[in-house]
Amino acid sequence: MQSHYDPAAVEAEVQSHWENSGTFEVTEDPGREKFYCLSMFPYPSGKLHMGHVRNYTIGDVIARYQRMLGKNVLQPMGWDAFGLPAENAARKNRAAPAAWTYENIQYMKSQLKSLGFGYDWRRELATCTPDYYKWEQWLFTELYRKGLVYRRNAVVNWDPVDQTVLANEQVIDGRGWRSGVPVERREIPQWFIKITDYADELLDEIDTLEEWPEQVRTMQRNWIGRSYGVEMNFVIDGGDEVLTIYTTRPDTLMGVTYVAVAAEHPLALAAAESNPQLAGFIDECRRGGTTEAELETAEKRGMPLGIHAVHPVSGDKVPVYAANFVLMGYGTGAVMAVPGHDERDHAFALKYGIPIKKVIHPKDGSEWDIQAAAYVEKGVLRDSGPFDGLTSEQAFDAIAGWLEERGLGEKRKNYRLRDWGVSRQRYWGAPIPMIHCASCGIVPVPLEDLPVRLPEDIVYDEDTINPLKSDPAFAMCHCPECGGEAQRETDTFDTFMESSWYYARYTCPDAGAMLDSRADYWLPVDHYIGGIEHAVLHLLYARFYHKLLRDAGLVRSNEPFTRLLTQGMVVAETFYREEADGSRSWFNPADVTVNSDDKGRPYSAVLAGDGQAVQIGGVEKMSKSKNNGVDPQTLIDRYGADTVRLYTMFTSPPDQSLEWSDEGVEGASRFLRRLWSLAETHQQWLAAGEAQASMTLNEIQQAARRELHELLKKALYDYQRNRFNNVVSACMGMTNILYKLEDSAADRSLLREGLSLILRLLGPIAPHVTHHLWHELGYGEDILQGGWPEPDEEALKQERIPYVVQVNGKVRASIEVPADADNALIQSIALDNDNVQRFIGEGTIRKVIVVPSKLVNIVAK
RNA sequence: GCCCGGGUGGCGAAAUUGGUAGACGCAAGAGACUUAAAAUCUCUCGACCUUCGGGUCGUGCCGGUUCGAUUCCGGCCCCGGGCACCA
C-alpha cells in the first residue's frame, strides 16, 4: 500500500475495474427489487459545470446506496442535445451545430467517466439523433389524430430588423440581442398540444406525489391554477357583437364600470380605422416583450374605443377600452373591470377617470373608503339590485343562476395553465412532422416516412438566421395523401418535447417502437434528481407526457417520478465593470482578488490581470452570462474526483444552494488523506484480520464504541432523508474517534470495526478511495458487495443517561441518572443539585416537566 | 407584479421536527515537530460581564402562543429561484 494518498492512481485503477467487470451494466431481473435512479440529463454546452457535478454526484450517491442495499439499480445518462446555444456557437465558429454538439458530448462524457459515476453507458442516448426524435414525431402525429394537437395564432417576440422570432433570452431590456432595436409582439400560427385536457388529472394527482418536495407540489398546483367562475356575455351597444368574459368574482358583477379588450382585438382594430389616435395607441401596445413579468410590471395603459357594452344585469352602458394588459392570446381577449374590488382595475379607473362603485361591504360592518383603495376581500353585497344583502359566497351562485336562466352566461371551471405551444422558429431542433398541402390541408407525416430528418450538413456564418427555412430541399415534399407537391412544416419542436420522455427511452434504447415491455419493469423512476429551476416547466411537461404515453398504451403507470429531489443552485460571487455604453463585462472569480475586512466581509475587488478595481455584483447562480463559473476540471485534476464529490456533498444539504469556496475543497481533501493515513499505519495487522470483535472493552473503549454506533445510526437516518452533508460529518466524527484509540488488541478490534463502517458509509460518496482501501485492508473483494452496516443495539445501551436541568426554562445544571430511573428519582436527583437550588431560591415549585432522556424543567415562582 | 423558497458565529453549516443553539468542517490565533517551509499533531475560537464558580444577551426585525420557540402563529425587511421561446 502506498504511504501517501495518490488519487489519480487510485481512481484510474478503480475506474478500469468497474469498466472491465461491467459493474454498472444492468438488465431486467423480475426476481430482484429494482431501483431506477435518474439525474436530469445535461445540455452538451461544452464542458461540465459545477451544477452538473453536484447533480450527478447526488444521483450517484443515491444509486450506489441503493445498490449496497441489494437492489437492481439502473442509472443511465444521455444528452439533451437540441437547443439554442448550438446555433449561437455555430454562428460564432462557422461550424455546423451537429458537429459542435457531438464534439461536446464526447468531451463531457470523458469528464463524467473521470468523476466515477456508475452509469450503464450502453443505454446512452442523444436527443438530436433521428433514432430518438423519430418517436416523438410519431407520437405527435398520433396526438393529432386523437384531436390533442391543434394550430392557432400565438404571440412571439419579433425583431423588426433581423425579421426573426426571438427567444425570451434573446430579448435584453426590451431589445433584440443582435439588432439592438425594441422588439415587438407579433402573432404567428403555431402548433399546440392540449395539456389543458389533462389539467384536472395533473392537478389532482399531485396529491399522490407524496415523496416530492411540498414546495414543488405547491408551485405546480398554483401553476395549473384551477379556478371556478362564471363566463358571461356583454353585448356591444348598437350591434350584435358579443364580448365573452370570464370572472372568478361574479359577486362583484354589479360593480362593473368598464370592460377592457386586447389592443389586437377585432373591436379595437375596427374602431381604430376611423380613429388615428387609437391606431397609434394600438401600435404602441405592440412594443415590448411577451413574458408575464414584463406584462405584469408594465405601466397599465388604455384608451376608450368610443363604443359601449351592455351590462347583462343592469342594462347600463359601460365604456369599452383597449388596454395593454389584456392579451389576445390568453383567454378570450376581453375582461370585465370592477375598480371597487380589484387593485389593477382601481388604479386604471383612477388614471382615466372611470367611476368606482362600491358593491361589496366588509362583513363586520366596518367602513371602507373605496376611492382610496379597492376592497378585494369577500363581503356582503349592496347596491346590487336583486342580489342585495347576499354574502359573496351566496351571490356567486345567485348571479351565476340568474345569468344561466337567461342564457347570458354559465358557471365554468378555468385554468391558469395554457396549452403547450411546441413550435419553434429555429433550426437546431426536431422537425415538426406535418405537411401543408394546397388541396388536402394539413397532413401528418405517416410512420413509414418517419423520421423527418433534420439536415445536419449545413453551412453557418454570422448572418445565418435559420438554414431550415431557406432550404428548398427540405421544405419541398409530396403530399402523403394526394401525392401532389406540398410544403413541409419548417418549425421545429420545443426542446421540452425531447426532455419529456427520455427517462422512458433509457429503459429500452434500442426498441423498434417508441417503448417496449422493458419500460414497465423499470418505470416509474424511483428517484429523480435535478435543479429546482425545473420545478414547474420540465417536471410538469414530463408528467403530462407520461400520461400521453400511458394513453397510447406504452406504459402502465400514471406518474413518471416517484421520489423527487430538487437540488439547490451552485452559486458564486459575481464581478463586473460597467462599460461606456452601460453594458456590463463580467469577470471570472478565478481572475479576481477580493479584499476583505477583519470581519471577513468583502469590501473591494481587483482584477488580477490589470490590478484595477471591479464591482462586486453579489452571489448568483453560476452561469456563462455572469462568468462566475468554477471549472470542475481544474479541481478534478488537482484533487481527484473523490475530493470534488466529497466537497460538494459536505458543504450544503442537497436541496439548498451551495456557495462556492476554494478553501473548503482543501478541507475535503485533507479528510481523505487522514482516512488513508489511518488505514495505512495499521494496514499490516488490519489486512491480516487478526483482530476480531467480541473483545472485552474497557470503559473508554465502550464509550468510543457507543459513539461510533450512535454516529452510524445518525448517518443511516441521514441517508434515508438525503442529508449527505450530515453523513460526511458523521464519518469525520467516526474518524476522529478512531484516531484517539490506543494500540491494545481491543483497540485494534474497535479500529477494524470502525473502519469497516466508515468505508461503507463513505463508499457511495467517495467510491474510489473506499473501494481501494476496502480491498487493501482485506474486508473483501468489492465494497459494493460488502453489505450495508447496521448499528449494534447492545453498543448503544447506556447505564447512566445525561440530563439537563432547567429552572424556569434556563439551563442550570447537567446531571446523570441511572437508565432505569423513574420520574420521581430523576426529579430528586435534579433537585439535589446546588446550582438548581440556588435558582429556585425562595420560590415554590409549581410544576416539574421531565422529557425522557433529555431534560428536566422546574417551574418555580 | 404574481407564485415558491431562504435568512443561525469571521465563513459553510448542525440541532433525529416544540426540549442543552453552534456537532462537523473552513478561516484565524497559540503551541509541538522541523535548520526552515510545507505537511502533520495538540489546544482556543458567538458577544458582553466575571470574584473564573458562573452570569446576562444571542438563530433577519417587531409582536404572540407555551413551563420551554431556530422550530408554531400574525405583521414587516432583505436575498434567491420560477413566470410558459435559456435549459
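Below, chains carry the letters A, B, ... as their sequence lines are ordered, and counting in each starts from 1.
Comparing A:N736 and A:E292, the nucleotide of RNA chain B nearest to each residue sits closer to the 5' end for A:N736. With the nearest nucleotide of RNA chain B identified for both A:G733 and A:D494, A:G733 has the one nearer the 5' end.
What separates CZ of A:R721 from C1' of B:A14 is a distance of 10 Å, to the nearest Å. When rounded to the nearest whole Å, the span between CZ of A:F325 and P of B:C83 equals 24 Å. Going from atom NZ of A:K810 over to atom C1' of B:G58 covers 11 Å, rounded to whole Å. The CZ atom of A:F82 sits 17 Å away from the P atom of B:C86 (whole-angstrom rounding). For the pair A:R670 CZ and B:U40 C1', the interatomic distance rounds to 10 Å; values are reported in whole Å.
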Query - Canonical and wobble pairing (Watson-Crick, G-U, under 3.5 Å) of RNA chain B, dot-bracket with | - result: (((((((..(((......[....))).(((((.......))))).((((....))))..(((((..]....))))))))))))....
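Residue A:M40 is classed as having no contact, given no heavy-atom separation below 4.0 Å to the nucleic acid. At the heavy-atom level, A:A535 lies nowhere under 4.0 Å from the strands shown. Nucleic acid contact for A:Q190: base, since at least one base atom lies under 4.0 Å from a heavy atom of the residue. Among the atoms of the strands shown, none is found under 4.0 Å from any heavy atom of A:H538. If you check every strand for non-hydrogen atoms under 4.0 Å, A:Y803 touches nothing. Nucleic acid contact for A:V216: none, since no nucleic acid atom lies under 4.0 Å from a heavy atom of the residue. Heavy atoms of A:R674 sit under 4.0 angstrom from primed sugar atoms or phosphate atoms, though from no base atom. Within 4.0 Å of A:V804, counting heavy atoms only, lies at least one base atom of the nucleic acid. Residue contacts for A:E666: at a heavy-atom cut-off of 4.0 Å it reaches no nucleic acid atom on any strand shown. Looking at heavy-atom distances under 4.0 Å, A:T297 makes contact with a base.
Closest to the A:V811 side chain, of the nucleotides B:A21, B:A15, B:G55, is B:A21. Side-chain proximity of A:E659 to the nucleotides B:U56, B:G12, B:G1 is greatest for B:G12. Here the side chain of A:Q806 is nearest to one of B:C4, B:G19, B:C86, namely B:G19. For A:W223, the listed nucleotide lying nearest its side chain is B:A84; candidates were B:A13, B:G81, B:A84. The A:S652 side chain lies nearest to B:G12 when the options are B:G12, B:A87, B:G55. For A:I849, counting side-chain heavy atoms from C-beta on, the closest listed nucleotide (B:A87, B:C4, B:G19) is B:G19. Of the candidates B:C86, B:U56, B:U17, the closest approach to any side-chain atom of A:R812 belongs to B:U56. The nucleotide whose nearest atom lies closest to any side-chain atom of A:P653 is, among B:A13, B:C86, B:A84, B:A13. Candidate nucleotides B:G54, B:A13, B:U40 were compared by shortest atom distance to the side chain of A:Q656, and B:A13 ranks first. Ranking B:A87, B:G19, B:G1 by closeness to the A:D80 side chain, first place goes to B:A87.
The structure places CD of A:Q656 at 12.0 Å from OG1 of A:T651, a figure rounded to the nearest 0.5 Å. Here the OH atom belonging to A:Y502 is positioned 8.0 Å from the CG atom belonging to A:D80, to the nearest 0.5 angstrom.
Looking at A:N857, its side chain comes within 3.5 Å of the base of B:C67 through a donor and an acceptor atom.
Ring planes of A:F544 and A:Y198: perpendicular class, angle over 60° (limits at 30 and 60°). By the 30° and 60° cut-offs, the orientation of the rings of A:H52 relative to A:Y56 is parallel.
A:T495 has a side-chain polar atom (N or O) that falls below the 4.0 Å cut-off from OP1 or OP2 of B:A87. An OP1 or OP2 oxygen of B:C4 is reached within less than 4.0 angstrom by no side-chain nitrogen or oxygen of A:R217. When the side-chain nitrogen and oxygen atoms of A:K714 are compared with OP1 and OP2 of B:U16, none of them lie within a distance under 4.0 Å. Close to B:U40, at under 4.0 Å from its OP1 or OP2, lies a side-chain N or O of A:R673.
Side-chain contact between A:Y719 and A:F724 is present, with heavy atoms from C-beta onward closer than 4.5 Å. Side-chain contact between A:K847 and A:I858: absent, with no pair of heavy atoms (C-beta onward) separated by less than 4.5 Å.
Under a 4.0 Å N-O distance rule, the pair A:E659/A:K621 does not qualify as a salt bridge. Using a 4.0 Å cut-off between a side-chain N of Lys or Arg and a carboxylate O of Asp or Glu, A:E680 and A:R673 do not qualify as a salt bridge. Of the charged side-chain nitrogens involved, none lies within less than 4.0 Å of a carboxylate oxygen, so that A:E710 and A:K714 do not count as a salt-bridged pair.
Both the sub-6.0 Å distance and the 45° axial angle are satisfied by A:R151 relative to the ring of A:W191. Because its NZ or CZ atom is not both nearer than 6.0 Å to the ring centre of A:F493 and within 45° of the ring axis, A:R424 does not count as a cation-pi partner of that residue.
One C1' atom belongs to B:A30, the other to B:G22, and the distance between them is 23 Å to the nearest Å. Nucleotides B:G5 and B:G10 have their P atoms positioned 29 Å apart, rounded to a whole Å. Look at the C1' atom in both B:C67 and B:C78: the space between them is 34 Å, to the nearest Å. If you take atom C1' in B:C73 and the same atom in B:C83, they sit 30 Å apart, rounded to whole Å.
Between A:F41 and A:W79, the ring center distance fails the sub-6.0 Å criterion.
More than 12 heavy atoms of other residues, nucleotides or ligands lie within 6.0 Å of CG in A:D743, so this atom counts as buried by the packing criterion.
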Report task. List the protein contact pattern of nucleotides 44-49 of chain B with one symbol per nucleotide (5' to 3'): B for base contact, S for sugar-phosphate-only contact, - for none; contact means a heavy-atom distance under 4.0 Å. Result -> ------
